[in-house]
Structure formats: structure tokens, C-alpha cells
Protein chains: 2
Amino acid sequence: MTDTLNPEMQTILELDRVIHEPARLVILTVCSSAEEVEFKFLETTTGLSKGNLSSHTSKLEQAGYLEVVKAFRGKIPVTSFKITKTGKAALASYWTALRDAIPNT
Amino acid sequence: MTDTLNPEMQTILELDRVIHEPARLVILTVCSSAEEVEFKFLETTTGLSKGNLSSHTSKLEQAGYLEVVKAFRGKIPVTSFKITKTGKAALASYWTALRDAIPNT
DNA sequence: AAAATCTGGTTTGTATTGCAAACTAGTCTA
DNA sequence: TAGACTAGTTTGCAATACAAACCAGATTTT
């Protein structure tokens, strides 16, 4: 029993809270595996409510992790999301931090 | 591009929020690696404020994940924590869920 | 022995969040 | 042209995370 927390635990305390929220982690991870992802797709696949999804994507946009692309399909508005470089990097180091922290048994 | 979220992402959306909070994850993980852990020890090692630490441990107690042991060392009160069976189980399945969700690259 | 200080926490107040219900803006249908 | 549908945003509220303030008692100082 020492007096210092092991480093992995420290990194957990410093995890990026924007990404740590499960809904946003999923959104970002989905976006990281495709060129561009539509709002509607995220809504149906994640099961998040529109409102909830909207605020999480806004937060990810504000953080600079997601780029929001507004377009029309015919006359119908379609909102899509693209992960940014910053977003990719942040996600990667989030996963890395976690991977290092998980007890390996 | 399908219409179903992969299962790992689903489990992320269902993560135990009591454990997901970084402070509590650290507290619980530390407690899982020792018979009994003192408040003071957690305070100094984690760097959490007393108040913050107090409310997180209360929450873990309410969830049935931690047992709180109140005692005296001489005349000084000492509060210690022991992880419960439920707590151990919850922590284990939290880690498992995460391990399964982490992209393996 | 009174006052001040220290120890070990708990409670309170506040700002931030996560969430869905309600709303907005426009399109399609009867 | 009224009503329903699509695609999202905004609003209101309950729950959090956090530290400042507080409390009970032990110890030290004057």
C-alpha cells in the first residue's frame, strides 16, 4: 500500500469528459468508421432521442471533434457529421488511456 | 453501412453510470485491490477534495458497491471502505464491457 | 484554561449536465 | 387548406459533480 495512485488511475481521472459520455463516445466512434454519418442514421441505430442526439452532436461540434454538414436531399434537409482530425486524435487517445487502465485479467 | 449498431456500441450505451464516473471508477478500482481502504488514503492519492470524495463514496455505498466502516484510531475517527461482492461483480462487468468495446488496434 | 489550530470528514449551494417534451420550419397528402 | 409527416432545435427540468462552508472533537498554543 503506497501513497501514490498508479498512473493508469491518474489518467482515468483526466479522461476527456466530452468523449467519456457514452452517447458521445458511440456517436464519435460510429463517425470514425465512416466518411460521413447522417443524423437520421444515428438516431435510429443508437436509439437516442432526437433532442438528446442533437445536443450531443452540438457539444461534439463545439469541442471541434465533429464537423456538421447541412444539405438537402431533394427538398428535405439532411444533417450529416464528419469526424475531424482533432476528433480522431482525441478519440484515439481516449481509447488508449482506457486500454492502459483496464486490468488485464 | 447497416442499420444496426454493433453490439459493443450498444453495451457502451448501457454502461453502469455509477461506475462510469471517473472518480468513482478509480475509488472502486483502488478498493478492489486492497482489503480495506481509508478515506484519508483515497483523498491524498486521488487528489479529490474531501467533499467530492465523500459524496462519491456515499453514492457507491447507496449502490451497494462499497461498505463503509467507521472506527477510531485512538481518539481520531477513521472511515474506511470495503468493496462488496456486488461491487466487485459490477466493476468486473464494467471492465469487461469496455474491454469488448475498445477497438483493438 | 481559553483560544486558536488541526483532523476527519459531512452538508450545502451552485453551475453544469443529460434527457425528453415541446416547439420550429418546411414538405407532402387528402 | 387542413392535417399529418420529416428533420431537426430549443426549452424546462431533474440529477450531477464539485468545492466552499460547516461541524464535532482532539491537540496545541498562549
Side-chain angles (χ1 to χ4, degrees), chain A residues 3 9-10 12-31 36-63 65-82 94, chain B residues 3 9-10 12-31 36-63 65-82 94:
Chain A
D3 271 283
M9 293 298 107
Q10 257 313 323
I12 287 193
L13 289 175
E14 289 156 8
L15 283 175
D16 183 338
R17 306 295 277 237
V18 172
I19 298 189
H20 192 60
E21 162 61 31
R24 287 191 295 263
L25 178 52
V26 166
I27 293 169
L28 210 54
T29 302
V30 169
C31 287
E36 204 166 319
V37 178
E38 296 184 8
F39 186 102
K40 189 66 187 175
F41 176 81
L42 287 175
E43 188 192 351
T44 60
T45 56
T46 63
L48 295 170
S49 68
K50 293 169 189 300
N52 201 1
L53 182 53
S54 177
S55 38
H56 284 309
T57 52
S58 291
K59 194 141 200 175
L60 287 166
E61 185 190 13
Q62 278 176 37
Y65 294 168
L66 234 47
E67 182 191 348
V68 180
V69 180
K70 296 267 181 188
F72 285 89
R73 173 138 51 240
K75 296 176 176 176
I76 298 291
V78 177
T79 303
S80 300
F81 306 99
K82 295 185 69 164
Y94 177 85
Chain B
D3 269 285
M9 293 299 107
Q10 256 314 321
I12 287 192
L13 289 176
E14 288 155 10
L15 284 175
D16 183 339
R17 306 295 277 237
V18 172
I19 298 189
H20 193 59
E21 164 60 31
R24 287 191 296 261
L25 178 52
V26 167
I27 293 169
L28 210 56
T29 301
V30 171
C31 288
E36 204 167 318
V37 178
E38 296 183 7
F39 187 101
K40 189 64 187 175
F41 176 80
L42 287 175
E43 188 192 351
T44 59
T45 56
T46 63
L48 294 170
S49 69
K50 292 169 188 301
N52 201 1
L53 182 53
S54 177
S55 37
H56 284 310
T57 53
S58 292
K59 193 140 201 177
L60 287 166
E61 185 190 12
Q62 279 175 36
Y65 294 168
L66 235 47
E67 182 191 348
V68 181
V69 180
K70 296 267 181 192
F72 284 89
R73 171 143 47 244
K75 296 177 177 175
I76 298 291
V78 178
T79 303
S80 300
F81 307 99
K82 293 185 69 164
Y94 177 84

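Residue numbers begin at 1 in each chain, while the letters A, B, ... track the order of the sequences. Quick caveat: nothing in here was measured; it's all calculated off a predicted structure.
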I'd like a table of atom pairs between the protein and nucleotides 18-20 of chain C - only N or O on both sides, under 3.5 Å - with the distance next to each one.
residue	atom	partner	partner atom	Å
C/dG18	OP1	A/Glu21	OE1	3.1
C/dG18	OP1	A/Arg24	NH2	3.2
C/dG18	OP2	A/Arg24	NH1	2.7
C/dG18	OP2	A/Arg24	NH2	3.3
C/dC19	OP2	A/Asn52	OD1	3.4
C/dC19	OP2	A/Asn52	ND2	3.2
C/dC19	OP2	A/His56	NE2	3.0
C/dC19	O5'	A/Asn52	ND2	3.1
C/dA20	OP2	A/Ser49	OG	2.9

Quick one: do B/Tyr94 and B/Leu28 satisfy side chain to side chain contact (heavy atoms under 4.5 Å, CB included)? Show the steps, please.
-> CA-CA 11 Å; B/Tyr94 177 84; B/Leu28 210 56; over 6 Å; no
Rounded distance (Å) that lies between atom [atom2] of [N] and atom [atom1] of [X]:
X	N	atom1	atom2	result
A/Gln62	D/dT10	CD	C1'	14 Å
B/Phe39	C/dG8	CZ	C1'	7 Å
A/Leu42	D/dT6	CG	C1'	17 Å
A/Glu43	D/dC5	CD	P	15 Å
A/Leu15	D/dA17	CG	P	14 Å
A/Lys70	C/dT24	NZ	C1'	12 Å
A/Asp16	C/dT17	CG	C1'	15 Å
A/Leu53	C/dA21	CG	P	15 Å

Have A/His20 and A/Asp16 got a donor and an acceptor in their side chains that come within less than 3.5 Å?
->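 Their side chains do not contain a donor-acceptor pair, so the 3.5 Å distance test is not met.
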Which heavy atom of A/Met9 sits nearest a heavy atom of B/Val26, and at what distance?
->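 Where A/Met9 meets B/Val26 most closely, the heavy atoms are O-CG2, 3.5 Å.
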Minimum side-chain heavy-atom gap [X]-[Y] below 4.5 Å:
X	Y	result
A/Val68	A/Phe81	yes
A/Ile27	A/Leu53	yes
B/Ile19	B/Leu15	no
A/Leu42	A/Val37	yes

Please enumerate all protein N or O atoms sitting under 3.5 Å from an N or O of nucleotides 27-30 of chain C, with distances to 0.1 Å.
none

Give a yes/no on whether any side-chain N or O of A/Thr79 is located under 4.0 angstrom from OP1 or OP2 of D/dA7.
->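 So the side-chain polar atoms of A/Thr79 never come under 4.0 Å of the phosphate oxygens OP1 or OP2 of D/dA7.
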Would you say the side-chain atoms of A/Ser54 pair up with the backbone N or O of A/Lys50, donor to acceptor, closer than 3.5 Å?
->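 Such a contact is absent between A/Ser54 side chain and A/Lys50 backbone.
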Decide, yes or no, whether a salt bridge links A/Glu61 with A/Lys82 under the criterion of side-chain N to carboxylate O below 4.0 Å.
->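 Judged by the 4.0 Å cut-off on N to carboxylate O distance, A/Glu61 and A/Lys82 do not form a salt bridge.
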